[in-house]
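When a residue number appears, it is its place in the shown sequence, counting from 1. Nothing here was measured: the structure is a model prediction, and the numbers come from that model.
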Amino acid sequence: MERQVDYVIVGSGINGLVAASLLARRGRKVVLLERNERIGGCLRTEAITEAGFVHDVMATTFVLFTTSPAYAVLKEDLAARGLEFADASHPTGVLLPDGRHAILSRERAANVAALDALSDGDGAAFQADMERFAGDAGFIFSLLGSALWSRATLKTVGRELLRRGPRGLAAFFGEAMVDARAHLETTYGSETARALFAPWVLHCGLGPESTFSGEMVRVIGFALEAAGAPVVKGGAETLLTAFRRLIEDHGGEIRTGADVEEVLRNARGEAEGVRLVGGAVLRAGSGVIVSAAPGQLYGRLLPGEGLPAEMRESARRYRHGKGNMQIHYALSRPPRWSAPELGKVALLHLTPGLDGVSRAVNEAERGLLPAEPTICVGQPAMLDPSRAPAGASVLWLQLPEAPRHIKGDAAGVIPAPAGGAWTPALREAYADRIEAVLAAHIDGFRGTLLRRVAYSPADLERLNVNLVGGDPYGGACGVDQFFLWRPFKGSVNHRTHVPKLYHIGASTHPGPGLGAGSGFALAQTLR
């Protein structure tokens, strides 16, 4: 059975959904294919603990989406189809082992005062840092959100060259390469202030000593203060429903349980469609768009013997980053933190501080279970009461410093598994370590616990084949595998070596996150 459309899109994560929506709105015939039985990629909402408790199993915070060009274009369409966000006035905070803490609000004056209370001058330093970033924001977001190999980007850089001069532009790029440790240690005098911002580099797939991580501290601090840390009312599934309705209302089609086994090429070498497992063929007159990790595209969908040697080697050498782990709690009541004001924070990091983040990253990268991992605690029921029955609550935990393959335990307590693979027993033992930290800071925590469900890096890869080793960022995000060089050193925007075959997703520029940058940028260039 064959069918002819304009575009076939493989993969229904946020980038595939945005690309399908924009193309369908322009009247193009689009079919979106998803190998799983549900769309969404890392957007997944389920009642995994107890009846009446709603959990976003993986991604839950949408600040990168609500501040993205894609949302600016699609906002009214999605709202008309049921999408609503819930937000709080305090997007993030940090809690140290000894009880010291800090909270970032959405009010500049309050943030300056709070940081000055930690160390005289830290508030003024934050003010100056954010003002300096605001002056550069247009340029930075243009580079992060546009096709880099394009006349538009060349013009943007040219305008900056005229405005700043050659040395000024060189100084800008040099400053952007500074790592988070250097930036935080030369900006803030307080360890607590440094600890407030240091964990956020983990959500960019980086560590405190990674090149460019200092700039990402500014990007995230600016975005959180300006736009908060919103969640979708009713869970991320509501966003998926809105996208489905939008695509189908404009004549697009979505197929789940549709596993693509090969991208088909015509006699001219162009992508002309796909063949599904089972033999069905979809012909695409204008192109095939694949939202997947490089291993899936170049190792599975394109026959290996047909790859140019350079491309085959680039795909072989592509590096994935640290794994991720998720833990979800159903609680009989909202958590009573040691400092009550922490209960109003959307995303709270529990960490020993900048050095603790650095140490845990290093341990995870060496294959060790971190002795004191950074724990990101989301409190979605505080933002959206529909997530739990009246009087109850849920917690969303993310551990972004999880080894993909385990060589040992930095604490010397949990035995390393044979072969280094995650097992259910090891996952629960490590979750116990995390739970002990929570219990030390939440009054009567274990007495309120109804059920815990944890996902190891191996579990996450089973849910989504593109999370290789549990890596949620589509590949290591070091500067050598980012910007112009993502996914490969020879990559040009979202084109591949096969004409009419396009590559989007977290493994392509502008990288991971829910901003849908690659899906949006590609759709803008297609007819």
Side-chain angles (χ1 to χ4, degrees), residues 10-11 15 139-140 142-154 156-157 169-170 172-174 176-179 201 204-207 209-216 263 265 269-271 287-322 365 404 466-469 471-513 515 517-522 525:
V10 182
N15 286 286
F139 184 38
I140 293 170
S142 176
L143 294 177
L144 290 173
S146 304
L148 293 179
W149 294 98
S150 66
R151 286 193 179 93
T153 296
L154 185 61
T156 298
V157 174
L169 187 60
F172 166 83
F173 282 116
M177 294 297 105
V178 171
D179 65 59
V201 303
C204 304
L206 302 172
E209 284 80 29
S210 299
T211 301
F212 191 67
S213 58
E215 191 65 27
M216 294 313 297
V263 173
R265 285 171 278 185
E270 301 169 331
V288 175
I289 302 169
V290 176
S291 181
Q296 288 293 311
L297 175 55
Y298 296 101
R300 180 168 182 258
L301 303 184
L302 291 172
E305 63 273 13
L307 291 179
E310 180 182 354
M311 186 63 63
R312 187 165 53 250
E313 180 66 7
S314 293
R316 185 189 70 80
R317 295 173 63 88
Y318 188 76
R319 307 188 317 279
H320 280 275
K322 297 180 296 298
E365 289 178 341
R404 296 168 57 228
N466 295 303
L467 306 185
V468 179
D471 170 16
Y473 302 110
C477 296
V479 72
D480 66 303
Q481 199 170 266
F482 217 72
F483 296 113
L484 294 172
W485 310 288
R486 193 167 184 89
F488 307 137
K489 303 299 186 291
S491 295
V492 177
N493 298 331
H494 299 99
R495 300 199 297 271
T496 70
H497 70 287
V498 177
K500 293 187 178 182
L501 174 62
Y502 307 98
H503 188 194
I504 61 173
S507 300
T508 69
H509 179 74
S518 60
F520 179 81
L522 176 63
T525 68

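For the pair L522/H503, no side-chain contact is recorded, criterion being any heavy-atom separation below 4.5 Å from C-beta on. Side-chain contact check for V10 versus S291: every heavy-atom pair is 4.5 Å or farther apart. Side-chain atoms of R486 and P510, non-hydrogen and from C-beta on, never get closer than 4.5 Å to each other.
Here the side chain of R316 pairs no donor or acceptor atom with the backbone of M311 at under 3.5 angstrom. At least one donor-acceptor pair closer than 3.5 Å links the side chain of N466 to the backbone N or O of A293. The main-chain N or O of G474 is found under 3.5 Å from a side-chain atom of S507 such that the two form a donor-acceptor pair. Proximity of a side-chain donor or acceptor of N15 to a complementary backbone N or O of F520 within less than 3.5 Å is not detected. Without hydrogens or angle criteria, T153 side chain to S150 main chain gives no donor-acceptor distance under 3.5 Å. Checked by atom type and distance alone, the side chain of H320 never pairs as donor or acceptor with a backbone atom of P472 at under 3.5 Å.
Contact detail for V288 and A271: the closest heavy-atom pair is CG2-CB, 4.2 Å. Nearest heavy-atom pair across Q481 and A476 is NE2-O, 2.9 Å. Across all non-hydrogen atoms, the minimal contact from P499 to H497 is CD-O, 3.6 Å. K322 approaches R404 most closely through the heavy-atom pair C-CG, 3.9 Å. For the residue pair V498 and E270, the shortest heavy atom distance occurs at CG1-C, 4.2 Å. Scanning all heavy atoms of the two residues, the minimum distance from P294 to F488 falls at CB-CZ, 4.0 Å.
Applying the ring pair (Phe, Tyr, Trp, His ring centres under 6.0 Å) rule to F212 yields the partners F483; only residues at least two apart in sequence or on another chain are considered. The side chain to side chain contact (heavy atoms under 4.5 Å, CB included) search around A521 returns H494, not counting sequence neighbours.
For E313, the CD atom counts as densely surrounded, since its 6.0 Å shell holds more than 12 non-hydrogen atoms of other residues, nucleotides or ligands.
Going from atom CG of L148 over to atom OG1 of T156 covers 10.5 Å, rounded to the nearest 0.5 Å. In this structure, the separation between CZ on R495 and OG1 on T525 is 8.5 Å, given to the nearest 0.5 Å. Here CG of L302 is found 6.0 Å from CG of L307. Values are rounded to the nearest 0.5 Å. Residue T211 holds its OG1 atom at 9.0 Å from CG of L206, rounded to the nearest 0.5 Å.
Between R319 and D480, at least one side-chain nitrogen of the basic residue sits less than 4.0 Å from a carboxylate oxygen of the acidic one, meeting the salt-bridge criterion.
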L154 and W149: CA distance, side-chain angles, deciding distance, side chain to side chain contact (heavy atoms under 4.5 Å, CB included) verdict: CA-CA 8 Å; L154 185 61; W149 294 98; over 6 Å; no

N493/H509 under side chain to side chain contact (heavy atoms under 4.5 Å, CB included): CA gap, chis, key distance, verdict: CA-CA 7 Å; N493 298 331; H509 179 74; over 6 Å; no

Test log, rule side chain to side chain contact (heavy atoms under 4.5 Å, CB included), inputs V290 and L501: CA-CA 8 Å; V290 176; L501 174 62; 3.9 Å; yes

Residue pair Q296, V468: steps toward the side chain to side chain contact (heavy atoms under 4.5 Å, CB included) verdict: CA-CA 10 Å; Q296 288 293 311; V468 179; over 6 Å; no

CA sep, side-chain torsions, deciding dist, call: D179, S210, side-chain hydrogen bond (donor to acceptor under 3.5 Å, both in side chains): CA-CA 5 Å; D179 65 59; S210 299; over 6 Å; no

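For Y318 and Y298, the gap between ring centers reaches or exceeds 6.0 Å.
Relative orientation of the F139 and F173 rings is perpendicular, given thresholds of 30° and 60° on the angle between their planes.
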